[in-house]
Amino acid sequence: MKVAALLATRATRAHRKAWTAVFAALTLTSLLLGAFGLTLVSAWSAHPRVERYAGADLVVAGDQTTRFSAASLGERETVSAGLTERVRIPRTALTVVRGVPGVRAAVADVEFPVGLAGSAATESATESATGSATGSATGSATGSATGRPWEAARLAPYALRTGRAPQRADEVVVAGGGGPERGGADRVGQRLTLRVGGHDMAYTVVGVADGPRTAVWFTGAEARRLSGHPEALDAIGVVAESGTGAGELAGRVRKALDTAGVTDVGHRADGDPATVRVLTGDDRGEAEFLAAAPARGELLAALGSVAGAVVLVSLLVVSSTIVQALRQRSHELGLLRAVGATPGQLRAAVGREVGRVAAWAALVGAAGAAPAYLGLRALLDARGALPTGLDLTLLPPLWLTPLVTAAVTVLVAQVAALIGGARTATARPAEALRERAPGRGRGITGLVLLGVGASAAGTAALQRGATAAAAAGAAAVTMVIACAVLGPWIAEGAMRLLGAPLRLFGPGGRLAAANCAASAHRLGAAITPIVLVTAFAGVQLSGGATLTHAGDAQARQVLRADLAVHADGGLPAGAVERIREVPGVRAATEIVPGTVLLARSQLGAPELERLPVFGVTPEGLTRTLDPGPRSGDLARLRPGTVAVGADRADSLGVRPGSTVTLRFGDGQEARLRVVATYQRSIALGDFLLSRDDLLRHTSMPVASGAGRVLVATAPDADRKAVTNALARAVPGARVEPDPAPVRGEAAEQALAEVVSVAVVGAVGGFTVIAVLSTLALIATGRRPELRLLRLAGAGRGQLRRMLRLEAAATVVTGLVVGAAVASVPLLAFSMATTGTLPYLPPAQAAVIVSVVVATAAAGSLPPVWGALRGRYPR
């Protein structure tokens, strides 16, 4: 041990420049792992905010989780997914809860979308109630709000600022919003025209209360009527009697509900129990922000995969950097081996060197993890990747996570040192002084990894969605590692191809060709990080870009409508029929977005896949939309039926006349008869449903104008005149002259984009360090060689040209091999999901090439300028 410590101390001092590159790579590893670790634990401890039910001790609500079980490898396996639409509970639960000992009050709560509409004279009142009033094509003021019963305001609690509670059906209380200066008594007595469920009704403001600007409170009876489901509740807020603990009361309420046999409203699938939940503490927020819990699961899965990718990439980069640092000292280590140093002593010495560097680098990276985490949080917030209401929290002990990831960084460095020093440490003393050719085992390992990567790409070609993306990512990782293992052979083959072109550049070119051919090991080490960044960035960026590009193209092809009509709070009853009667209107189709879940066994394992869908009215559908019908008849789309995208129909083995079982966003299951299949499923989603079917399972139907009517005008119609006629036919509606393309967006798309940016940024940072350090170490080790060439008569200009051509050969080889590695999984993925070739925006491709070229130039030329200065070599 004393010998190993002495060797490590002396070597660390003598090779500071070589270890600088390793220090930089390990610092970045520790920083990224710490930042992703903090984000991961903050997502693990995240919970929805508690706002509306902050004054309730517990909340009774529906089960917002759906489950699916299937046999996997002989065992029963169950998966679950969060539901983003409201799962309601029967009104009978209110009577049961009120009868539980210890309950002081049980308050029923429902919510429903409210459109605020009126003439210009009422615009100021509308703006005060909502905080935002937007103009429409008709010149009236519109906005969106949420209606609730006034009794539920006590659960926050929201107190009256002025006025009184509503007592009659035509009375409401509005929110004061931004402080006392906005909550004056001058608004009491004003008249509001509110649109609920497509009907306009006049109400009198009798009070102003605290709370969000978008809240409007009605009497309990009026709220039940307007909600559209008077026998069902969204939730029940429970206030405990003094001296009764929330936990104790929750147990009593749970027992009472089970005894009474109270279950969620609606039909659930077999094996998916509809159990009413009793929520306490932070869990109460799950009854308010329905999208928070599913988003938390998606965030955990995405961050977990990113952390795994960072560990793999860091191991590859750090190993490459350490191997190159040790290769620069191969003769020194070989001499130690030749004079009697044992393999154990060399391994221990190298391990101690790396351990010292890694420990300091890990601590420096851990110190920067918190700012990097805050930056990632800001990026998630800026891109809207997190739903409203989900708070990423960090308890004080969790801030120590970077210390744990720092320990992981040190472990990664020790593993890399063990790999890097293994060959020299185990060499025979007589062989340690000479560089050995790569062994047969290394070549076989590389070929096996290539085969595994190709198999993963084949899996991507046979799958869809997230499974195909995961298989493509795995194929890219495996093939990059294979290229790192096969680096010397790749370099040798590349030089055989590039040797002839290089020799055309005169003496410098001939020197470059000779050096590259003679130093396959060296060139292979330099190529590996370039292959890494090209392949990883290509797969991450091109995968999403291919889907977006194909989806945008399909969305433009799908839309045939010339105009679109929509309104906050829903269009008035009979609006679609009135629109169809307007002169110049050829066809009108109402379209509403939503989500469904498909439960199926994938590769023997159960899977719940969340999919964006549209609900449509079939009358005149093909005149406003062009889904690209393949079989069947889209005009037969009615409640209880479904149209299926062609690719999904093939994977499910269905055709017109078959049945498909889907779960709606509220967890209710339905068997739907297939009436048609269509081609353009990237834009429209894999399923087209009846509008009425989808709306029945939507917790806030047409909220904020989500639904719209697409209008196709006659070829000879005056579009401006038709627009004005539509505004008169549907008062309060907005008419869009150039409707946005119809495109179904996956709920996790924003999160996937942020994750892709984070992964590409992490891999790019690693690669810049790896390319710089590897090329700098190679260039530093070549100084004696360059001096010898100058003494032999080579001019400085010839050597500069040689170095530039070598760098160019390295860049070209790395980019070509990286593009080839990326193209295999990308081609499989894109053909399986879009049926097109992979697409990468030219600007992003240019950025990748520019970064590689600039980094290679910076790593190849500056380190050897000293050897090329002066008239005589130094």
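Of all the heavy atoms in Cys483 and Val531, the pair that sits closest is CB-CG1, 4.1 Å. Residues Trp44 and Leu300 come closest through the heavy atom pair N-CD2, 3.6 Å. Across Thr27 and Ala361, no two heavy atoms sit closer than the pair OG1-CB, 3.4 Å. Between Thr66 and Leu608, the shortest heavy-atom distance links the atoms O-CD1, 3.6 Å. Closest approach of Leu38 and Val41 over heavy atoms only: O-CG2, 3.3 Å. The shortest heavy-atom contact between Gly818 and Thr534 is C-CG2, 3.7 Å.
For Arg284 (side chain) and Asp57 (main-chain N/O), no donor-acceptor pair under 3.5 Å exists by modelled atom type. Under the 3.5 Å distance criterion, the side-chain polar atoms of Gln64 are matched with a main-chain donor or acceptor of Leu83. Side-chain atoms of Ser30 come within 3.5 Å of backbone N or O of Ala366 as a donor-acceptor pair. With Thr548 contributing its side chain and Ala545 its backbone, the two residues share no donor-acceptor pair below 3.5 Å. When atom types are taken as modelled, the side chain of Thr401 and the backbone of Leu398 share a donor-acceptor pair closer than 3.5 angstrom. At distances below 3.5 Å, at least one donor-acceptor pair connects side-chain atoms of Glu288 with backbone N or O atoms of Tyr53. Proximity of a side-chain donor or acceptor of Thr478 to a complementary backbone N or O of Gly453 within less than 3.5 Å is not detected. Under the 3.5 Å distance criterion, the side-chain polar atoms of Ser850 are left unmatched by any main-chain donor or acceptor of Val847.
Checked options Ile481, Leu486, Ile444; the residue passing with Leu449 is Ile481 (criterion: side-chain contact (heavy atoms from CB on, under 4.5 Å)).
Here the side chains of Met479 and Val824 are in contact, with some heavy-atom distance below 4.5 Å. Side-chain atoms of Glu286 and Arg277, non-hydrogen and from C-beta on, do get closer than 4.5 Å to each other. Residues Phe289 and Leu390 are not in side-chain contact: their nearest non-hydrogen atoms beyond the backbone lie 4.5 Å or more apart. Using a 4.5 Å heavy-atom threshold, the side chains of Arg377 and Leu392 count as touching. The side-chain heavy atoms of Tyr373 and Pro402, taken from C-beta on, include no pair separated by under 4.5 Å.
Taking CG from Leu840 and OG1 from Thr546, the interatomic distance works out to 8.0 Å, rounded to the nearest 0.5 Å. Phe36 contributes atom CZ, which lies 12.0 Å from atom OG1 of Thr405 (distance to the nearest 0.5 angstrom). With values rounded to the nearest 0.5 angstrom, Leu299 atom CG is found 8.0 Å from Leu40 atom CG. Taking CG from Asp283 and CG from Leu58, the interatomic distance works out to 11.5 Å, rounded to the nearest 0.5 Å.
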(request) Could you check Arg610 against Thr84 for side chain to side chain contact (heavy atoms under 4.5 Å, CB included), going step by step and ending with a plain yes or no? (result) CA-CA 10 Å; Arg610 194 189 312 276; Thr84 55; 3.8 Å; yes

(message) Applying side chain to side chain contact (heavy atoms under 4.5 Å, CB included) to Gln414 and Val412, what does each step give before you reach the verdict?
(response) CA-CA 6 Å; Gln414 292 290 351; Val412 168; over 6 Å; no

(message) If you apply the rule side chain to side chain contact (heavy atoms under 4.5 Å, CB included), what do you find for Val408 with Leu33, and how did you get there?
(response) CA-CA 9 Å; Val408 174; Leu33 287 179; 4.1 Å; yes

(message) Thr78 vs Phe68, test: side chain to side chain contact (heavy atoms under 4.5 Å, CB included). Steps then yes/no.
(response) CA-CA 6 Å; Thr78 301; Phe68 173 58; over 6 Å; no

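Applying the salt bridge (charged side-chain N to carboxylate O under 4.0 Å, His left out) definition to pairs two or more places apart or across chains, those involving residues 40-51 are Arg49-Glu51, Arg49-Asp391.
Within 6.0 Å of CH2 on Trp399 lie more than 12 heavy atoms contributed by other residues, nucleotides or ligands.
For Arg296, there are no side-chain hydrogen bond (donor to acceptor under 3.5 Å, both in side chains) partners two or more places apart in sequence or in a different chain. Remark: Glu248 engages Arg252 in a side-chain hydrogen bond (donor to acceptor under 3.5 Å, both in side chains) (not counting sequence neighbours).
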